[in-house]
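The structure under discussion is supplied below as structure tokens; questions concerning it will follow.
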There are 2 protein chains.
Amino acid sequence: MSVGIRHDDLRRRNRAMVISAVRRAGQPSRTEIAATTGLSHSTISAISSDLIQEGILTESKASETVSLKRGRPQVGLSLNPEAAAVLAVVLSLNSLSVAVIDYAGQVIAEEQRRLDTLTMSRDELIGECVAIVRRRLEDPDLDVQSVARIALAIQGITDSHARAMLWSPITPQTNIAFADILEREFGIPAIMENDCNMMAVALRWRDPDRYRDDFIAILLSHGIGMGLVLKGELFTGTHSSGGEFGHMIHRPGGALCRCGRRGCVEAYAGNYAIWRNARQLSENAEPVADVSDAEMRALATRARETDGPEREAYRKAGEALGFGLGSLFALIDPAPVAMVGASAAAFDLIEPALREAIAQTAGGQHSDSISFDTEPNELPLIREGCAMRALSFVDQEIFAPGAQGKSGTIRKHVA
Amino acid sequence: MSVGIRHDDLRRRNRAMVISAVRRAGQPSRTEIAATTGLSHSTISAISSDLIQEGILTESKASETVSLKRGRPQVGLSLNPEAAAVLAVVLSLNSLSVAVIDYAGQVIAEEQRRLDTLTMSRDELIGECVAIVRRRLEDPDLDVQSVARIALAIQGITDSHARAMLWSPITPQTNIAFADILEREFGIPAIMENDCNMMAVALRWRDPDRYRDDFIAILLSHGIGMGLVLKGELFTGTHSSGGEFGHMIHRPGGALCRCGRRGCVEAYAGNYAIWRNARQLSENAEPVADVSDAEMRALATRARETDGPEREAYRKAGEALGFGLGSLFALIDPAPVAMVGASAAAFDLIEPALREAIAQTAGGQHSDSISFDTEPNELPLIREGCAMRALSFVDQEIFAPGAQGKSGTIRKHVA
DNA sequence: CAGTGTTTTTTCGAGGCTCGAAAAAATAAG
DNA sequence: CTTATTTTTTCGAGCCTCGAAAAAACACTG
């Protein structure tokens, strides 16, 4: 049940608004902030002087902003990089990475490790994650006090409260409450997010013009994932991270999917599925655990050269993605799509069949207006999304604490 | 870009909060309102005395609330029925209905007409709608001044701004801006909504325990429609009303759908599809325009009696609905489902195959926990949803006017 | 039936917040 | 050096919400 607005919430919300305006704009003047927030100059002046006093914002040197206009020059406000730091941890198939990001969003340290996630035990997996975080926190260059948040992204399904991994293709383990584990271990608030959702968050920051209120990020990798932003908000399921586009049903009773079910989109468009079809194996053949990027590149090259089973495999992938997107578009209407991941480099092979399939679906009439971007490198995107999410948390819950839309439920997922 | 909170927004929002608390609770005392809104007694007292002064709320007679407790008895506050009135217009296949509803939500007049919507011209269709509204407004018993809003629901796709019908199965006409037309004609704000979305809104009001934050309402009728509430908000597409569950793809290239495409869920589960399969016609056979309820009942009876093509037709319908729901559940996770419409009476024939199909999809692991309610009569539900939506508008935009949206854009879609 | 206890509702002053107007500050142009 | 222009701060006014206390309205008790 929604709750009334108390008088003191007002300041807190407007503080958060100012911080978020600075984060978005980079180095806005007080006047610009007043314009974007709609608040009066007096209010902005009061709030920003508070924030500067508290070390959250800093005034840029006057010399930096070369003004060509007459009048008193604007003083740019920016986030104080030392106000806080966050950790972004990304756990994906056979790889674990961490980055330390300052409050202004700059990466100040990072580390990456190769693991054999598929065979590791539960404790080993947790241990590695804890260890890599600990190493970063013990870095003498880092003021541990200032680390305000850890965001961990994983391929797979997380719960809707951002506490736990429920299921993941990168490990046979299930239900690991990474967020709780890290919080207990380090006493730092942590969240556990789905990798594709973080991709979507990052795309929104990177290119707010293209990826504003409604868009889709699809991960074309060993599996198929999706991050979806609708009406400016990250879309999640009711209980889990949701948006399991790869497991929408393409053909009832069809090809065997890695999840054990049949006919999922992923069972036609995941790397293992393309590989399986390229080798002309049965649709019932057990999905292989991993296909190297090199092997996929070779497959794509061969598909471009000759009209053989490789090309057909990509065609089938495109068809599955197209009908899947068509079904999705029946629900949410068409929206810009970003294709992310290694196989996005082979999107030229996928696109024709994909568009042909979409044309046969609810997205059909807009088929031409649907545009696809490709971004082959998912890891930086995921990391960036984690960082932004963690920083947004610091902005809102730490530097503008109090009743942030506490509508019964804990938190809203704002991209 | 989100916008700051001005000082005067505070009162407006809290006014809206109080009104909405009264609408939800029926006859709450000031103390109860204070509890549910979290505002202080002083504030509630001030706001409610304003609202009573303005004729929006009324105090219930003390005698009505028989208090068994000691102390000063609570005074129930209720909506003043005369504060405003709204019109709910429902346009469906061959039928047009209107109801006048007072501010407290009671129907005070209604009218229903049979039309031949499929053959009517654009002007005739518009004319009938305008005429039926005009007749209600000219009713001498009604104070026209008080009519604050018209809500019109239609089977089919509406635009996301609730202004126009874009496409509808009940007429060959497209792009009729009913909301604008009615506004121009009568000078009363109007909205145009999708019928299934209104069903969802109504279910939420009827049974907030079962249908709270996440649920699905599916209309099983000549076509298949869906209304979806996620995280307490009505789900709509980015450009249109969206949620076109019936046109998700069940079998690529499969049965011919009324929309002209192939393999849609509706092409297996709509009345015309069940009828087509029961008659063992080809999947490519042109969908019939209408199947009478009596005919569908006969089909269902026969399906219950003998294991013939009728039973198989219902089985196929269940399968299509099940795989469709499975795909949907991959995106949003399982949620309670209400099956609405005449064919919901045959849900016993549909359910086994439906559950079997779901079990093969992402909803599979929760198959048992998914529960279905049935409600054969959709019209009252749609009308109720329209009424609630129109009344919510009056609550918020008229009786608590000002900057409602906390974001720059005008927010409209709140269930 | 008057007094007492209990619960609800209103009243009232205090404290905060935002706003508009005016002042102050900082620079370019003349 | 003066004037024009733009940004930022200051200050008083006007609201709003809150807590505490008072007032109101009833049940219970002897």
Q) CG of Asp50(A) versus P of dT10(D): gap in Å, rounded? A)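 That distance rounds to 12 Å.
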Q) Charged N to carboxylate O under 4.0 angstrom, Arg149(B) versus Glu183(B)? A)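 Salt bridge between Arg149(B) and Glu183(B), a charged N being under 4.0 Å from a carboxylate O: no.
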Q. Does Ser45(A) put a side-chain nitrogen or oxygen below 4.0 Å from OP1 or OP2 of dT10(D)?
A.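 Checking dT10(D) against Ser45(A), no side-chain N or O comes under 4.0 Å of OP1 or OP2.
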**Q.** Side-chain donor-acceptor contact under 3.5 Å, Ser45(A) with Ser42(A)
**A.**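 Note: Ser45(A) and Ser42(A) side chains miss the donor-acceptor criterion.
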What pairs of nitrogen or oxygen atoms, one from the protein and one from nucleotides 5-7 of chain C, lie under 3.5 Å apart?
from, atom 1, to, atom 2, distance (Å)
dT6(C), O2, Gly71(B), N, 3.4
dT7(C), O2, Arg72(B), N, 2.8

Q. Can Arg30(B) and Glu59(B) be counted as an ion pair, charged N to O under 4.0 angstrom?
A.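 Judged by the 4.0 Å cut-off on N to carboxylate O distance, Arg30(B) and Glu59(B) do form a salt bridge.
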Q.
Less than 6.0 angstrom from the centroid, inside 45 degrees of the normal: does Arg204(B) satisfy that with respect to the ring of Tyr211(B)?
A.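 So Arg204(B) doesn't make the cation-pi contact.
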Q. When rounded to the nearest 0.5 angstrom, what is the spacing between CD1 in Ile150(B) and CG in Leu87(B)?
A.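 If I round to the nearest 0.5 Å, the distance is 5.5 Å.
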Q) Over how many whole Å does the gap from Glu32(A) atom CD to dT6(D) atom P extend? A)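 Interatomic distance, CD of Glu32(A) to P of dT6(D): 15 Å.
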Q) What's the CZ-P distance between Arg13(B) and dT17(D), to the nearest Å? A)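 The distance from CZ of Arg13(B) to P of dT17(D) comes to 12 Å, rounded to the nearest Å.
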Q.
Please determine whether a side-chain nitrogen of the Lys or Arg among Arg12(A) and Asp8(A) lies less than 4.0 Å from a carboxylate oxygen of the Asp or Glu.
A.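 Salt bridge: yes.
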**Q.** Atom pair distance, as rounded to whole Å: CD1 in Ile52(B) and C1' in dT10(C)
**A.**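 My rounded result for the distance is 12 Å.
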Q.
Measuring centre to centre across the rings, with the benzene-like ring taken for any Trp, is His239(A) within less than 6.0 Å of His161(A)?
A.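 Distance test on ring centres: not under 6.0 Å, no.
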Q. Roughly how many Å is it from CZ in Arg30(A) to C1' in dA24(C), rounded to a whole number?
A.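 To the nearest whole Å, that distance equals 14 Å.
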Q: Sugar-phosphate atoms are those with a prime plus P, OP1 and OP2; base atoms are the rest. Using that split, label each nucleotide of nucleotides 17-23 of chain C B, S or - for protein heavy atoms under 4.0 Å, 5' to 3'.
A: BSBBB--
Q: Verify the ring-centre separation between Tyr103(B) and Phe399(B): is it less than 6.0 angstrom?
A: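 Yes, close enough.
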